[in-house]
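Here is the structure we will look at.
The figures that follow rest on heavy atoms only: side chains count, while hydrogens, waters and symmetry mates do not. Read the numbers this way: they start at 1 and go in the same order the structure lists the ligands and their atoms.
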Amino acid sequence: MVSAPSGAGKTTLVERIRQSPNLFYSVSCTTRAPRAGEIDGEDYQFLSDTDFSERTDKGDFLEHAQVHGDRYGTLREPVVTNLKSGRNVLIDIDTQGAAVIRNCGDPLIRDALADVFLMPPDLEELRKRLVNRGTETVEQIDSRLATAAREMEHWRDYRYTIISGSIEEDLRRFRQIMEAEGYLSRRLIEK
Ligand code: 5GP
């Protein structure tokens, strides 16, 4: 499970990690409009508000939360199915959703869990990255920075924190964490 304030470089990191062998990326549902280049079913499942509510009522989500004024949710079924077949599952999630998953009662998920917070070096750097990305208005950037400041207070809740550097550095550190997690004695016992 990986969390980061928007603009911290998480999307690029996640895109690269997604290419790892034996790894399933959990495609979230969202009511947010697709950004240029985003593909339905690959980046997100883009849902209307009504459809999102229906899926919530059916209990399809492991967790769901309101982030930056839109709704986001992690689908339960694909996560469980892939964990059961021995694949690593990567979940991109905000700090509220991460807290729900951390307290999840399902032992399959609890035992599989490793959480990583990707920490931007500072808020000024984050503003620069968001401005360079050019996908948000000035108001949206201000709102995302305010959320970022709040989210950055949660880094201590995560087992790992990576202070974001270059994409290659972030990628190397994330892979090292994945590798080390694989050596946990309890994971060998569970196999
Ligand atoms: P973005 O709109 O920039 O793709 O994502 C905004 C935020 O929503 C990010 O912090 C991202 O981690 C979070 N997010 C993405 N998918 C989910 C999800 O399924 N559940 C929750 N709680 N947050 C999500």
So for Gly73, does at least one of its heavy atoms come nearer than 4.0 angstrom to any atom of ligand 1?
yes
For atom 20 (N) of ligand 1, which protein heavy atom lies nearest, and how many Å away is it?
Glu63 OE2, 2.7 Å
Just to verify, what does Arg55 make a side-chain contact (heavy atoms from CB on, under 4.5 Å) with, not counting sequence neighbours?
Gln45, Leu47, Asp60, Phe61, Leu75
Just need the protein heavy atom nearest to atom 3 (O) of ligand 1, so name the residue and atom and give the distance.
Arg35 NH2, 2.9 Å
Using a strict 4.0 Å cut-off to heavy atoms of Arg32, name the atoms of ligand 1 that fall inside it.
1 (P), 2 (O), 4 (O)
Could you identify the single nearest non-hydrogen protein atom to atom 5 (O) of ligand 1 and state the distance to 0.1 Å?
Tyr44 OH, 3.3 Å
If the cut-off is 4.0 Å to any non-hydrogen atom of Ala65, which atoms of ligand 1 fall inside it?
22 (N)
One finds that the ligand 1 atoms under 4.0 Å from a non-hydrogen atom of Asp92 are 11 (C), 12 (O), 14 (N), 15 (C), 16 (N), 17 (C), 24 (C)
What protein heavy atom lies closest to atom 22 (N) of ligand 1? Include the residue and the distance to one decimal.
Asp94 OD1, 2.7 Å
What I want to know is whether Glu151 and ligand 1 share at least one N or O pair that is separated by under 3.5 angstrom.
no
Which ligand 1 atoms are under 4.0 Å away from a heavy-atom of Gly97?
22 (N)
Would you please say whether a donor-acceptor pair under 3.5 Å links the side chains of Ser53 and Arg71?
yes
Are Arg102 and Tyr158 in a cation-pi setup, meaning NZ or CZ lies under 6.0 angstrom from the ring centre and within 45 degrees of the ring axis?
yes
So, Arg35 versus Thr11: side-chain donor-acceptor pair below 3.5 Å or not?
no
Examine the side chains of Glu181 and Tyr160 and answer whether a donor and an acceptor come within less than 3.5 Å of each other.
yes
What protein heavy atom lies closest to atom 6 (C) of ligand 1? Include the residue and the distance to one decimal.
Tyr72 OH, 3.6 Å
Just by distance, with hydrogens left out, do Thr81 and Glu77 show a side-chain donor and acceptor under 3.5 Å apart?
yes
Taking N or O atoms only and a 3.5 Å limit, does Val67 qualify as a polar contact for ligand 1?
no
Can you see whether Thr30 engages Asp70 through a side-chain donor-acceptor pair at a distance of less than 3.5 angstrom?
no
Any salt bridge linking Arg16 with Glu168? Criterion: basic side-chain nitrogen under 4.0 Å from a carboxylate oxygen.
yes
protein heavy-atom neighbour closest to atom 9 (C) of ligand 1 works out as Lys10 NZ, 3.5 Å
Where is the nearest protein heavy atom to atom 16 (N) of ligand 1: which residue, which atom, and how far?
Ser28 OG, 3.0 Å
Closest heavy-atom pair, Met152 versus Pro120, reported as atoms and distance to 0.1 Å, is SD-CG, 3.8 Å
Can you find an N or O of Arg144 that's nearer than 3.5 Å to an N or O of ligand 1?
yes
For ligand 1, which atoms have a heavy atom of Thr74 less than 4.0 angstrom away?
18 (C), 19 (O), 20 (N)
Taking 4.0 angstrom as the limit, do Asp142 and Arg127 come out as a salt bridge?
yes
